Amino acid sequence: MLADFAIGRESSEFKKGLQAGITIGIGYFPIALTFGLLAKTSGLSIYESVLMSMIVFAGASQYISLSLIAYGTGIFEIVLTTFIVNIRHFLMSTALNEKCEDDHLGNKMLYSFGITDETFSVVATKEGTATTGFMFGVNLLAYSSWVIFTGIGHLIGASLPQTLQESMGVALYAMFIGLLVPSLKKSVKVLFLAALAAIFNSIFTLGGIMAQGWAIVTSTILSAVVIELIEVIKAKHWGVKHEK
Amino acid sequence: MKSEILWMIIGMGLVTYIPRMLPFVLFKGMELPPFIQGVLKNVPYATLGALIFPAIIFIQKDDIWYGIAGAVAAFAAAFLGANVIVVVLGSITVLAVYSFFL
């Protein structure tokens, strides 16, 4: 009976994960569709395109690889660029490792495959611990949307009507805002964290100081460290209690 | 399937998976110093700030107001307490209307 109870809890956590992943699924739809279409025009077969979405599962770097293929860039440079663009996931996984419930390493190694900017944002802003079931639910929905719509984009070989395509481009950003604002309303610290990182990132990217992949990591670390330092100093000097 | 493309995909997959997976292996069951833990708790909100800005302003390269309209719509909906899905669908609708009329 205890086992039944545990399985019931796992499956409801999995369902909660699937539900939380729906927004990501919607957001990936236009991007994956366009990726499939562009992959086709870059000369990749449907198998190659879908395989790339299945094995890499990282939007920005997949797009970049297509433009590099079009330039005739060598494999080594494409792989190296992918590494640089995706190195930010290291930081995200480190943060999630603190948030996820303790479990077999095998499970963690499996669900870590599905960590993207979007799945990370959904899991990290969730209240309380993230269970293994929840992780699998969110990642599976996001992954399915990405892979399936890559294939459909290649198959139909056309994108959405332009107006719809353009307006759907806001989806993932709107999702990020929808995830950020509830915490932002509750805590000034969150407001400072997000604003400072946004300012750093704007300076780095608009100033042409670094490529976007690095800019996001660098501004995140800078903001997270600076705000934490301020908190520690405040606590030491004025005995202000550390915010939860 | 061209073997060159296949190797490229495998290479891209490996260099993407390793940074995603490694922290779970490296820091498994490890108690990090409190300061680092604090920084890691800050990471999600800082990341969201950096993911949103300045990229949202440039979803339409030749019309900055398009992105700003989307951002304002999303912030307004989220601030009024709308569910994430409502925020997303609401912003898409606002922009569809925007490009229909302007």
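Please read all numbers here as calculations on a predicted model, not as lab measurements. In the text below, chain A, chain B and the rest are named by the order of the sequence lines, each starting its count at 1.
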*By a 4.5 Å heavy-atom criterion (distance strictly below it), what part of A/Y111 contacts chain B: side chain, backbone, both, or neither?*
side chain
*Determine the option with the most heavy-atom pairs under 4.5 angstrom with chain A, choosing from B/L48, B/L95, B/I85, B/I10.*
B/L48
*Do you know the tightest heavy-atom contact between A/A198 and B/F53?*
CB-CB, 3.7 Å
*Measure B/F35 against the heavy atoms of chain A and call it side chain, backbone, both or neither at under 4.5 Å.*
both
*Let me know if A/L229 has heavy atoms under 4.5 Å from chain B in its side chain, its backbone, both or neither.*
both
_Please classify the contact between B/L26 and chain A as side chain, backbone, both or neither, with a heavy-atom cut-off of under 4.5 Å._
side chain
*Let me know if A/F192 has heavy atoms under 4.5 Å from chain B in its side chain, its backbone, both or neither.*
neither
*Show your reasoning for whether side-chain contact (heavy atoms from CB on, under 4.5 Å) applies to A/E98 and B/L32.*
CA-CA 9 Å; A/E98 301 278 309; B/L32 296 171; 3.1 Å; yes
*Pick from A/G178, A/S167, A/P182, A/A194: which one has the most heavy-atom pairs with chain B under 4.5 Å?*
A/S167
*Apply the test side-chain contact (heavy atoms from CB on, under 4.5 Å) to residues B/K28 and A/N97: give CA-CA distance (whole Å), side-chain angles for both, the deciding distance (0.1 Å), then the verdict.*
CA-CA 8 Å; B/K28 162 110 177 138; A/N97 183 48; 5.6 Å; no
*For A/S202, is it the side chain, the backbone, both, or neither that has a heavy atom closer than 4.5 Å to a heavy atom of chain B?*
both
*Picking from B/A96, B/P54, B/A78, which has the most non-hydrogen pairs under 4.5 angstrom with chain A?*
B/P54
*Most contacts with chain B, counted as non-hydrogen pairs under 4.5 angstrom, among A/M168, A/M175, A/M109, A/R88*: A/M109
*Among the options A/V85, A/D117, A/I227, pick out the one with the most heavy-atom pairs lying under 4.5 Å from chain B.*
A/D117
*Closest heavy-atom contact between A/L193 and A/S223?*
O-OG, 2.8 Å
_Toward chain B, the part of A/M92 with a non-hydrogen atom under 4.5 Å_ = side chain
*asked:* At a heavy-atom distance under 4.5 Å, which candidate from B/I59, B/V97, B/I56 has the highest pair count against chain A?
replied: B/I56
*I would like to know whether B/I18 and A/F90 meet side-chain contact (heavy atoms from CB on, under 4.5 Å); could you show each step before the answer?*
CA-CA 8 Å; B/I18 291 168; A/F90 186 88; over 6 Å; no
*Check each atom of A/I69 against the heavy atoms of chain B and say whether the ones under 4.5 Å are side chain, backbone, both or neither.*
side chain
*Any idea which of A/S93, A/A58, A/A174, A/A197 has the most non-hydrogen atom pairs under 4.5 angstrom with chain B?*
A/S93
*Side chain from CB out, backbone as N, CA, C, O: work out which of these in A/T205 comes under 4.5 Å of a heavy atom of chain B, or both, or neither.*
side chain
*Can you say whether A/A171 sits under 4.5 Å from chain B via the side chain, the backbone, both, or neither, judging by heavy atoms?*
both
*Report yes or no: does A/K126 contribute a side-chain atom to a donor-acceptor pair with the main-chain N or O of A/S121 at less than 3.5 Å?*
no
*Residue part contacting chain B, namely of A/D103, when any heavy atom lies under 4.5 Å*: backbone
*asked:* Please identify, among B/A74, B/A50, B/G13, B/G49, the residue contributing the most non-hydrogen atom pairs under 4.5 Å to chain A.
replied: B/A50
*Between A/F176 and A/Y173, how do the two ring planes meet: parallel, tilted or perpendicular, split at 30° and 60°?*
perpendicular
*asked:* With a 4.5 angstrom heavy-atom cut-off, is it the side chain or the backbone of A/L206 that approaches chain B, or both, or neither?
replied: side chain
*Just checking, is any N or O donor in the side chain of A/S61 or A/N86 under 3.5 Å from an acceptor N or O on the other one?*
yes
*Is the A/W146 ring parallel, tilted or perpendicular to the A/F35 ring (thresholds 30°, 60°)?*
parallel
_Ion pair B/K41/A/E231, N-O distance below 4.0 Å_ = no
*For chain A, find which of B/W7, B/F27, B/Y98, B/F58 contributes the most heavy-atom pairs closer than 4.5 angstrom.*
B/F27
*Establish, from distance only, whether the side-chain atoms of A/Y28 and A/T116 form a donor-acceptor pair under 3.5 Å.*
yes
*Heavy-atom proximity to chain A below 4.5 Å, by part of B/Y17*: side chain
_Region of A/L196 in contact with chain B, defined by heavy-atom distances below 4.5 Å_ = neither
*asked:* More than 12 heavy atoms of other residues, nucleotides or ligands under 6.0 Å from CG of B/L80: yes or no?
replied: yes
_Closest-packed option against chain B by number of heavy-atom pairs under 4.5 Å, given A/L105, A/T163, A/T81_ = A/L105
*Look at the side chain of B/Q60 and the backbone N and O of B/G67, then say whether any donor-acceptor pair between them is shorter than 3.5 Å.*
no
_Taking A/F200's backbone N and O only, do any of them form a donor-acceptor pair with A/S219's side chain (distance below 3.5 Å, no angle check)?_
no
*Side chain, backbone, both or neither: which part of B/V25 has a non-hydrogen atom closer than 4.5 Å to chain A?*
both
*Output yes when a side-chain donor or acceptor of A/S53 lies under 3.5 Å from a complementary backbone atom of A/T150, and no otherwise.*
no
